[in-house]
Amino acid sequence: MREGYEGTGPGAITPDGCAVELYSRLPVGAEPDIIAAAVPPGAHILELGSGVGRMTHPLLERGFTVTAVDESAEMLARVRGARTICGPVEDLDLGETFDVVMLASFLVHTGDVEVRRGLLRTCARHVAEGGCVLIQREGEDYHTNVPRERVDPSGFTIRIASTEPVGDGVNSVRAEYEFPDAAWTHTFLARPLTKEQFEEALAEAGLEVDEYLTPDGIWVRAMRAA
């Protein structure tokens, strides 16, 4: 388990505290539609931190080719129809490039600055000339509108129970998931980033914002810097 990360509940828990069984249950939401609208039809997508394929499978159904990368073999065992690669995303070097590189699940907000640099360098290393990088950011009030909860139409409750400073601009966040038959918790480290800090982190990796794809600024399309 990575320091500062913890998960509880039934089934396998990954090194960053994610529960495999939980992620197999979570609905996908609007993300595949946002992605499909932002990239060319049939693009080859490198999905960094794919987990169990929550977004992989809907993207495959929309006609994309996906290479799914995750550090958890237990997560990747749930992925169907995509090439899978097991290993830390921040160290990945496949020696090939892709039309689209995707870094979702707020991974850009990892508490460790060096890991974040590695993640963004991986994005820059693997995006083809003229291709794009899609990044999912935290919402503006992610760390301030706490506690908060949402009842999903499918019948479970997700709750951000707390976010506590642990030093150096990093917060320890506790998320809780309650289903009728099971419950999970996930504690992880996250670093809030202003828009300016986010764009500076991109620039350090040789990337720049092309467009904020959603009104809340959560989904971003970036390109190699000119």
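Note that the coordinates shown come from a computational prediction; the quantities given were computed from them, not determined experimentally.
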I'd like to know if the side chain of [X] reaches the main chain of [Y], judged simply by a donor and an acceptor atom lying under 3.5 Å from each other, with no hydrogens or angles considered.
{"X": "Arg125", "Y": "Leu92", "result": "yes"}
{"X": "Asp70", "Y": "Ser72", "result": "yes"}
{"X": "His126", "Y": "Thr97", "result": "no"}
{"X": "His143", "Y": "Asn171", "result": "no"}
{"X": "Arg137", "Y": "Asp216", "result": "no"}
{"X": "Arg54", "Y": "Pro27", "result": "yes"}

Value rounded to 0.5 Å, distance of [atom1] in [X] from [atom2] in [Y]:
{"X": "Asp91", "Y": "Leu119", "atom1": "CG", "atom2": "CG", "answer": "9.5 Å"}
{"X": "Tyr177", "Y": "Leu26", "atom1": "OH", "atom2": "CG", "answer": "6.0 Å"}
{"X": "Thr163", "Y": "Arg148", "atom1": "OG1", "atom2": "CZ", "answer": "8.5 Å"}

Is it true that, when you exclude Glu140 itself, more than 12 heavy atoms of the residues, nucleotides or ligands shown sit nearer than 6.0 Å to its CD?
no
When clusters are formed by joining ILVMFWY residues with side-chain heavy atoms under 4.5 Å apart, either directly or through shared neighbours, do Tyr142 and Ile158 land in the same one?
no
If the plane angle is over 60° it's perpendicular, under 30° parallel, otherwise tilted; pick one for Phe188 and His186.
tilted
Quick note, salt bridge (charged side-chain N to carboxylate O under 4.0 Å, His left out) partners involving residues 26-36, not counting sequence neighbours, are Asp33-Arg62
Considering only residues two or more places apart or on different chains, which pairs with a residue in residues 21-30 satisfy salt bridge (charged side-chain N to carboxylate O under 4.0 Å, His left out)?
Glu21-Arg25, Glu21-Arg78, Arg25-Asp181
Between Ser154 and Asp152, do the side chains contain an N or O donor and an N or O acceptor separated by less than 3.5 Å?
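Per modelled atom types, Ser154 and Asp152 side chains form a pair under 3.5 Å.
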With sequence neighbours left out, write down each residue that passes side-chain hydrogen bond (donor to acceptor under 3.5 Å, both in side chains) with Glu208, or none if nothing qualifies.
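Not a single residue meets the side-chain hydrogen bond (donor to acceptor under 3.5 Å, both in side chains) criterion with Glu208.
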